[in-house]
There are 2 protein chains.
Amino acid sequence: MEIIRRKTDYAIRALIHLALHPHQETTTAEIAEEQEVPLEYLHKILQRLTHGNIVNSHRGAYGGLSLARDPEDINLLDIIETVQGKINMNKCFLGKNGCPRAPKCVFKSKWLQLEQKIAEFISQVTLQDLVDQVRQGGYQEKGGEGEG
Amino acid sequence: MEIIRRKTDYAIRALIHLALHPHQETTTAEIAEEQEVPLEYLHKILQRLTHGNIVNSHRGAYGGLSLARDPEDINLLDIIETVQGKINMNKCFLGKNGCPRAPKCVFKSKWLQLEQKIAEFISQVTLQDLVDQVRQGGYQEKGGEGEG
DNA sequence: TTATTGTGGACTATTTTAATCCACTTTACG
DNA sequence: CGTAAAGTGGATTAAAATAGTCCACAATAA
């Protein structure tokens, strides 16, 4: 089971694209084509990133998108939570409709510990980190051979 | 999005039940009733745990289930991977059908790092830990008020 | 005032997860 | 024996989550 949903994958690719093309308005269509992502779906995803104040949008002719903040100030946790929601380990183990003793439940603390570890790690990775790695050649612009 | 699937939750509840009732054959029906889990579904889940050598099954009249190992030797990672499969962060970001440069991909290392952290933490939690916490009163035998 | 671009809501399709059904095998006990 | 009580395993269906599409609309620059 993958923790990162496809839409989050798309979001990250779009954000890397924006980071690689600063100082210009980039359209959703351009990103969709370059990253080979369904246009209308990408619209939805970018809307969420806009609402999450990760990208800025500009409507109308010659409009488009740009990063709302510096890539160093956008971390992976922001991105993930904005597009796919918070990562939880489990609602609660015991009890049918959510544990009736959640406040006292000792399992819960195990999950919270883990959730926090995950969040901590993910939030330390910034968009800039990813961009740097891309610049070092760690991926190709237009993938799709499906060989890996 | 929850990382722990419902079936894994059921599995853990069943295993705790088995751990709390050692030295006897416990039937799936008994666990299903006590833990309020659909019987036929629980059958499937326990089959996986049997294949994963986490529980032993005994067919026929007066048959049933028991833990295949001591609760200290069963960890959460075993359970999760046995019932819901391996936890991955992402297949791969870049490229359409899986990243064609996976072996060189630098993103991959970020995900692998995180996967390992998660696995490390989860594998340190044993069934015995959970049972101990249950014994300390951290849950109630038959939940379901849905108040928590 | 028109072409371009994002917005937002409703909708459909696909995939995953959950749950059920049923015919079968094994086995203890009378 | 044979029968009732268990688990097994494959097929199927149901429900939920995710992915993707459609369309009418709003904003805006030329």
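Chain letters run A, B, ... following the sequence lines, proteins first and then strands; every chain starts at 1. Computed over heavy atoms, backbone and side chain alike; hydrogens, waters and symmetry mates excluded.
- Looking at Q124(A) and L76(A), their side chains never come closer than 4.5 Å, going by heavy atoms from C-beta outward.
- The nearest heavy atom of DNA chain D to H58(A) and to S57(B) marks one nucleotide each, and the one closer to the 5' end goes with S57(B).
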Output, in order, the C-alpha distance, side-chain angles, deciding distance and verdict of side chain to side chain contact (heavy atoms under 4.5 Å, CB included) for I118(A) and I3(B). CA-CA 12 Å; I118(A) 294 171; I3(B) 293 174; 4.1 Å; yes

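- One atom, CD of E30(B), and another, P of dA6(D), lie 10 Å apart when rounded to the nearest Å.
- Side chains of E72(A) and T126(A): no donor on one and acceptor on the other come within 3.5 Å.
- Nearest-nucleotide positions on DNA chain C place T27(A) closer to the 5' end than the other of P38(B) and T27(A).
- Between the CD atom of E36(A) and the P atom of dA19(D) there is a distance of 18 Å, rounded to whole Å.
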Could you go through the side chain to side chain contact (heavy atoms under 4.5 Å, CB included) check for F121(B) and Q113(A) one step at a time? CA-CA 9 Å; F121(B) 182 92; Q113(A) 271 182 63; 3.5 Å; yes

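- Listed in residue order, the members of residues 39-52 of chain A having a heavy atom less than 4.0 Å from DNA chain D are E40(A), Y41(A), K44(A).
- Rounding to whole angstrom units, CG of residue N88(B) and P of dT16(C) are separated by 13 Å.
- What separates CD of E2(A) from C1' of dT17(C) is a distance of 14 Å, to the nearest Å.
- Residue Y10(B) places at least one side-chain N or O closer than 4.0 Å to OP1 or OP2 of dA19(C).
- Of the N and O atoms on the side chains of D129(B) and Q133(B), not one donor lies less than 3.5 Å from an acceptor on the other residue.
- Checked by distance alone, R59(B) brings a side-chain donor or acceptor within 3.5 Å of a matching partner on the base of dT25(C).
- Distance CG (N56(B)) to P (dT26(C)): 18 Å, rounded to an integer number of Å.
- Atom OH in Y62(B) sits roughly 16 Å away from atom C1' in dT26(C) (whole-Å rounding).
- Note on T28(A): a side-chain N or O is less than 4.0 Å away from OP1 or OP2 of dG6(C).
- Atom CE of M1(B) is separated from atom P of dT18(D) by 8 Å (rounded to the nearest Å).
- We find that NZ of K7(A) is positioned 10 Å from P of dG20(D), with the value rounded to whole Å.
- Salt bridge annotation for R13(A)-D9(A): present, with a cationic side-chain nitrogen under 4.0 angstrom from a carboxylate oxygen.
- Taking 4.0 angstrom as the limit, R5(A) places none of its side-chain polar atoms (N or O) nearer than this to OP1 or OP2 of dA17(D).
- Counting only heavy atoms from C-beta outward, the side chains of L18(B) and L127(B) never approach each other to under 4.5 Å.
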